[in-house]
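First up is the structure itself, then whatever we jot down about it.
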Amino acid sequence: MKRRRLWITAVAVAAGITGVAVVQGVSGGSGEGADAGAKAAAGPVHTRVHTAALRVHGDRADVPEQDTAPFSLVGLSWTRPGVELPGTVEVRARSTDSGRWGSWTGLTADGHGAAEPESRRGATEPAWVGPSDAVQVRVDGKGSALPAGLRLEMVDPGRGSAGSDADPVAFAADEPTGEAATTDTAPTGSAGGTDEATGATTTAPSETDPAQSGGTQPATPTATPTSATPTPTGSSPSASPSPTSTVPTAPASSAPRPAIVSRAQWGADESLNNESPEYGTEIKAVFVHHTVDANTYDCSQSPAMVRAIRAYHIQGNGWKDIGYNFLVDKCGTIFEGRKGGADLPVVGAHTPGFNTNSTGIAVLGEYTSIDASTAAKTSVARIAAWKLGQYHNDPAGKVDLTAGLDNGKFKLGQTASFYRISGHRDGYATECPGDKLYASLAGIRTMAGGPVKGLTLKSFTGAGTSGSTTYTRATTAVNWSVTSPTAFVNRFEVLVDGKVAATGGPTAVSAPLTLTPGSHTVAVRAVHVSGRTSVTPNVTVVADTTAPAFSTKPSVKLRTGTVNTTAVPVTLGWKASDTAALKEVRLTKPSAHTYGPTVTGASLTSASGTATTWSMTAYDQAGNTAGASVAATPVILQETSATRTGTWTAKSSSSYLGGKSYSSTAKNASLSWKFTGRSAAWVVSRATGSGQAYVYVYVDGVKTATVDLKSTTTKYRDVQWTKTWSASGTHTVKIVVAATSGRPTVTTDGLVYVK
């Protein structure tokens, strides 16, 4: 079986400090379906790696400020992966956008070294610096010798039409690099290698390049094994099952598959490597990482960052592909990492000794002093739930793993207990994934493994609550909310008296419910994708189908107060009740008012001489209603219409009803009115000069009251006496002047009755 050829040319850069590894793009690429990634590339993007050998001065090394070919990610590598890099490494780059130098950034060794079987070189973690065109590096070994072959790796992830890392466009296979290149093709069969003196990288072709020979370049590359028997990664026969290149079957998962930007979508150039992926037998654990990149990146740059990290892992570390199985940016976008199939147990290069039967998820950014975004952590939990759910492994649980090699923290064959979702540092001596993100892993485990958090039964549609009891009609809807992302919800169940009465899907927030009359207990149960459940406390719900009633029908009677021709003071009275729980009574006409369940009357006004209908509705807590109404017409009888005895003097003033009134100081002078109605009120004027007077009121020939008109302030059209009967009838009201010594005056302004 033929292997695709990597055609790599060593090119001298203008300042003479670097060699450029130019990989000619090959069309095609692997990937899942197009299920995410507006930010992703439309196809393979030509990724270029430039290298610069460092100048070594004893325990120090540097690359002075130099212009170079464009790049966006940098890292430092050296010849032997098992050799430590002592001291400190700092790098800074000049932005192509602003033309300014960025701040110095420290690079730390990735810590894998010889522990990672794929490693061919030692390397630092990479740093994302954004589009740049100049670089400076300084290394201080702090008195210790520096490793041989120090080389700066500068990765250009590919450019879009705007010349930025966003919106990338794939380079053509034969697109020139814009540099004066000279071809340095290794002989066929050569092993290739790196010139440590110049830093120029060469890779031997395995066959004649199609472009040189006139052959046809394949449209879709086919990954083939490099040997008949694959080399195990991160395992040993005595420790755990060896990985295999045989493609397994992808099992279904208990958790939904999240949207994933495939390798083809983010522009993976599959010509960078042609080795077959290796597979484990299942996913037992998930190791969470951070990439130690800048956190200020724009999410539109994420595909470029993934391409750059992949190129760095291949070029700087010497790995056969990107080490992580998945990468997540701060916006929560998920990118497929190492090739082989996102739904398969692909062996990565992320946690030496535990790469087989695990998945590595890296969050783009650095999370030592700040936490990852909620979106990123949610996506990590979604991948973990999906991958572990394929093999019925509990994301919130633990697992015993056996080290497949001696990685410096665990010995070959040593068994240790891990959370199913662990940090890189749990399996390897490293600070990854940063203190803040590591502290968030407990929440990520809960999110992925359940139960559903924040489940709250919020309300019943159309229902009312009195105390701790909810009242509803037979048909209602129960409403709830959760704080867990709906991606982790399998379903909701509504329990009535402990039995499932209604169900809802993962995104449901309500469900219709029909109850038989009487008292019930209702709760909502959320089923996590893991199968764990959470249940709200029971709510006592009374299904009430009986409408309330007006045990005392509404009625209108006159009350004390000030009378106008357009506003006569009245009292509207009623009494409502309910077999379960009365909620309120509403007056809907002639005006709108709402009264509590224990209120039985209200002071209002009514127009004189006009029939007014007072409409009321009683509501119980369940929403059942009952209506009632009463019609009433207040009528004003002027004093001139009364039958008079004794001496009365007419007075005129705009303050009087009709502009006139009668006044008398004569003892036993009287006025009487005859009417047919059910309520009556005597209207008088009161002033400081009137003094104290007693008025005898006769109703149907019976003395009923003595009214004192004394007032310290002047009042007009004032009701001081009222009388209401149970039914309408014909009545006579007579007032008699008492002629009280010193204040005998009585001024009357008429009578009002309700017919």
Side-chain angles (χ1 to χ4, degrees), residues 35 250-259 332 343 374 378-379 381-397 420 443-465 468-545 580 621-624:
D35 54 352
S253 178
S254 59
R257 181 187 192 276
D343 57 347
T374 299
T378 299
S379 290
R382 292 192 66 186
I383 304 169
W386 173 55
K387 294 300 294 179
L388 292 168
Q390 287 184 292
Y391 304 94
H392 310 289
N393 291 323
D394 179 10
R420 294 280 186 182
I444 291 174
R445 284 190 285 269
T446 299
M447 198 185 306
V452 174
K453 290 294 184 180
L455 177 62
T456 303
L457 196 163
K458 296 178 66 178
S459 64
F460 292 84
T461 301
T465 299
S468 60
T469 302
T470 296
Y471 297 85
T472 180
R473 286 175 282 188
T475 301
T476 183
V478 57
N479 308 294
W480 63 82
S481 64
V482 294
T483 56
S484 291
T486 57
F488 300 104
V489 180
N490 177 277
R491 67 187 182 278
F492 293 97
E493 298 172 336
V494 181
L495 307 178
V496 177
D497 299 327
K499 297 180 180 180
V500 177
T503 60
T507 60
V509 294
S510 66
L513 194 63
T514 300
L515 300 172
T516 58
S519 180
H520 304 275
T521 59
V522 178
V524 177
R525 180 165 62 199
V527 182
H528 193 273
V529 293
S530 66
R532 285 189 172 88
T533 61
S534 55
V535 185
T536 65
N538 280 326
V539 175
T540 300
V541 179
V542 174
D544 178 15
T545 58
Q621 291 286 1
N624 300 303

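Values in this document were obtained by computation on a predicted structure and should not be read as measured data.
- Annotation: the span from Thr536 atom OG1 to Lys458 atom NZ amounts to 13.5 Å, rounded to 0.5 Å.
- Partner Asp394 forms a salt bridge (Lys or Arg N to Asp or Glu O under 4.0 Å) with one of Arg532, Arg445, Arg420 and no other, that one being Arg532.
- Closest non-hydrogen pair, Val529 versus Ala487, comes out as CG1-O, 3.8 Å.
- Interatomic distance, CG of Leu457 versus OG of Ser481, reported as 9.0 Å (0.5 Å rounding).
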>> Would Val509 and Phe492 count as a side-chain contact (heavy atoms from CB on, under 4.5 Å) here? Give the steps.
In response: CA-CA 9 Å; Val509 294; Phe492 293 97; over 6 Å; no
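- Taken from CZ in Arg525 to CZ in Arg491, the straight-line distance is 7.5 Å, to the nearest 0.5 Å.
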> Could you walk me through whether Val527 and Glu493 pass the side-chain contact (heavy atoms from CB on, under 4.5 Å) check?
Replying inline: CA-CA 8 Å; Val527 182; Glu493 298 172 336; 4.2 Å; yes
> Taking it one step at a time, do Val500 and Leu495 satisfy side-chain contact (heavy atoms from CB on, under 4.5 Å)?
Replying inline: CA-CA 5 Å; Val500 177; Leu495 307 178; 3.6 Å; yes
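- Taking all atoms of both residues into account, the shortest heavy-atom contact from Arg382 to Pro258 is NH2-CA, 3.6 Å.
- Remark: side-chain polar atoms of Gln390 are paired, donor with acceptor, to backbone N or O of Asp343 under 3.5 angstrom.
- Nearest approach of Pro256 to Trp386, heavy atoms of both residues: O-CB, 3.7 Å.
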>> Assess the residue pair His520 and Val496 against the criterion (side-chain contact (heavy atoms from CB on, under 4.5 Å)); give the C-alpha distance rounded to whole Å, side-chain angles, the decisive distance to 0.1 Å, and a yes or no.
In response: CA-CA 7 Å; His520 304 275; Val496 177; 4.2 Å; yes
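- Put simply, the side chain of Thr486 never gets that close to the backbone of Pro506: no donor and acceptor are under 3.5 Å apart.
- Considering every non-hydrogen atom in both Gly449 and Ser530, the closest pair reads O-OG, 2.6 Å.
- Between Thr461 and Asn479, the side chains place a donor N or O and an acceptor N or O closer than 3.5 Å (distance only, hydrogens not considered).
- Only one option out of Val542, Val541, Thr469 pairs with Ser519 in a side chain to side chain contact (heavy atoms under 4.5 Å, CB included); it is Val542.
- Between the CG atom in Asn624 and the OG1 atom in Thr472 there is a gap of 9.0 Å [rounded to 0.5 Å].
- The CG atom of Leu515 sits 8.5 Å away from the CG atom of Asp497 when rounded to the nearest 0.5 Å.
- Nearest approach of Ala523 to Asn538, heavy atoms of both residues: CB-OD1, 3.4 Å.
- Interatomic distance, Phe460 CZ to Ser510 OG, rounded to the nearest 0.5 Å: 12.0 Å.
- With hydrogens and angles ignored, the 3.5 Å screen pairs a side-chain donor or acceptor of Trp480 with a backbone N or O of Ala508.
- Shown here for Pro451 and Ser484, the closest heavy-atom pair between the two residues is O-OG, 4.4 Å.
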